[in-house]
Amino acid sequence: MHAHRQSDPVRYEFKDSPAAGETAAIAPGLYWLRMPLPFALTHINLWLIEDGDQWTVVDTGVDMEECRETWDKTFGGCMQDRPAGRVIVTHLHPDHVGNAGWLCERFGAPLWMTRDEYLLARVLVADTGRATPEEGDRFYTAAGFEPEQLDFYHKMFGLFGKYVSELPEAFRRIQDGDRIDIGPRQWEIIVGKGHSPEHACLYCEADNILISGDQLLPTISSNVSVFPTEPDANPLADWLQSLAHMKIRIPSDVLVLPAHGRPFRGAHERLDGLISEHHDGLAKLENLCKEPKRAVDAFPALFKSKIGNNNLIMATGESIAHLNYLLGQDRVTVERDDDGVDWYVRRT
Ligand SMILES: [Zn+2]
């Protein structure tokens with residue numbers, strides 16, 4: 001969800017982004033590849049790190065022609081026809097993991113990922129081509145979907161695999177606290193939860209740089225969603241905890257290299273801004289539930305933008321994430337009616 005806050009004191013480090021498909025140097029041996037995406041989200045930032053006579057690639061773009069063409073151009077350009085010796089993926093979303101299998105296959109390179117991200121990616125790829133499960137219909141009916149919105153969910157189900165090239169059957173596990181040498185730098189893995197199950201950030205203490213993936217973005221508040229697989233999940237609690245934890249792990253003047261937007265400083269202020277944004281949303285939502293409300297009625301409390309079919313699944317997942325958080329704090333109760341629809345009411 002895109003909630004732009006003018007007041008966030010984010011300080012951009014570079015005046016401009018590289019053009020779509022181009023690279024820019026961030027530091028010696030560390031390059032920013034602006035990968036175009038054919039979606040509402042127009043780009044993702046990928047990172048190329050010199051690693052001896054090879055490259056370590058961090059994140060990969062979606063498995064689509066536009067991205068493959070950019071990679072082909074980059075191999076002979078910025079990468080000077082030297083191979084990728086390792087592919088690190090921050091988390092399982094298609095814009096990050098999409099070309100990982102393709103890159104690994106092409107260079108005979110290993111895939112480095114956290115275990116939860118790798119395993120969930122394999123599960124979601126396996127959904128492609130399957131019929132929608134009953135649990136999914138029950139979940140979105142409970143959220144308040146109309147029949148035509150359920151049809152839309154059926155159409156969207158299994159789309160994940162369409163944007164992700166076949167993943168390697170084996171991977172190298174990374175986890176929180178790991179230290180990885182890449183070229184002359186050492187990078188520490190910092191794991192965040194809530195946007196995805198075990199999102200890896202890479203932090204170089206010596207150069208004061210954080211590759212943040214989607215864990216810390218300058219203008220976008222990362223989507224935190226509940227899905228039909230785990231209807232009672234409380235990812236917002238994980239997310240808020242991760243944001244607070246991140247503040248302890250990184251200094252406030254760290255240079256943040258985010259997956260979307262531009263490199264910036266002001267990490268602690270931005271983390272505080274994100275945390276308070278969610279607490280504001282929770283308070284508004286609690287208030288809205290003076291009268292019984294469904295998950296789909298919660299949108300006005302959480303989003304400024306209009307919710308249509310294109311962002312319905314994300315918005316609903318995020319609404320339920322906030323409602324489950326309020327449930328966990330005993331601030332609302334929920335009751336399912338005879339039509340299978342959940343109604344949330346404020347406790348006091
Ligand atoms: Zn993501």
Side-chain angles (χ1 to χ4, degrees), residues 1-3 32-47 57-64 67 87-101 111-125 127 156 159-165 167 174 176 189-202 210-227 229-230 233 235-236 238-243 246 256-264 270-271 274 277-278 303 310-318 320-321:
M1 295 295 97
H2 303 230
W32 170 12
L33 168 57
R34 185 85 158 184
M35 176 66 77
L37 294 177
F39 304 120
L41 197 56
T42 57
H43 70 277
I44 176 171
N45 302 320
L46 314 178
W47 312 100
V57 170
V58 180
D59 286 338
T60 68
V62 291
D63 178 17
M64 290 179 89
C67 293
V87 176
I88 299 178
V89 173
T90 57
H91 68 296
L92 64 88
H93 291 149
D95 44 339
H96 300 259
V97 80
N99 283 306
L111 171 63
W112 290 42
M113 252 174 117
T114 67
R115 186 186 274 165
D116 281 357
E117 299 291 335
Y118 174 80
L119 292 179
L120 186 54
R122 292 283 300 270
V123 166
L124 290 177
V125 165
D127 274 346
M156 297 290 290
L159 214 59
F160 184 90
K162 229 191 112 203
Y163 297 116
V164 177
S165 62
L167 286 162
I174 52 177
D176 190 66
I189 300 298
I190 301 177
V191 161
K193 299 176 182 184
H195 173 65
S196 65
E198 195 185 357
H199 180 301
C201 301
L202 287 84
L210 176 78
I211 295 176
S212 67
D214 283 355
Q215 188 64 33
L216 181 56
L217 300 172
T219 58
I220 300 170
S221 178
S222 308
N223 180 255
V224 176
S225 272
V226 177
F227 296 99
T229 325
E230 194 187 343
L236 187 56
D238 289 338
W239 179 246
L240 291 172
Q241 212 170 48
S242 293
L243 295 179
M246 184 71 83
V256 182
L257 307 183
H260 309 287
R262 281 186 286 148
F264 67 96
R270 180 63 186 146
L271 288 164
L274 287 165
E277 211 173 281
H278 282 293
F303 312 117
N310 61 321
N311 48 11
L312 180 67
I313 298 283
M314 273 216 296
T316 303
E318 184 128 359
I320 298 172

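Atoms within a ligand are numbered from 1 in the order they appear, just like the ligands themselves. These numbers come from the heavy atoms of this one structure, side chains and all, not from hydrogens, waters or symmetry mates.
- Across H93 and D214, no two heavy atoms sit closer than the pair ND1-OD2, 4.3 Å.
- Under 2.8 Å from the Zn ion (ligand 1), one finds the following protein N/O/S atoms: H91 NE2, H93 ND1, H195 NE2, D214 OD2.
- L167 and V125 get closest at one heavy-atom pair: CD1-CG2, 4.3 Å.
- With sequence neighbours excluded, the residues satisfying side chain to side chain contact (heavy atoms under 4.5 Å, CB included) with P36 are A20, T70.
- Between A121 and F160, the shortest heavy-atom contact is O-CE2, 3.7 Å.
- Scanning for side chain to side chain contact (heavy atoms under 4.5 Å, CB included) contacts around D238 gives K193, with sequence neighbours left out.
- With sequence neighbours left out, the side chain to side chain contact (heavy atoms under 4.5 Å, CB included) criterion links R262 to Y12, S17, W32.
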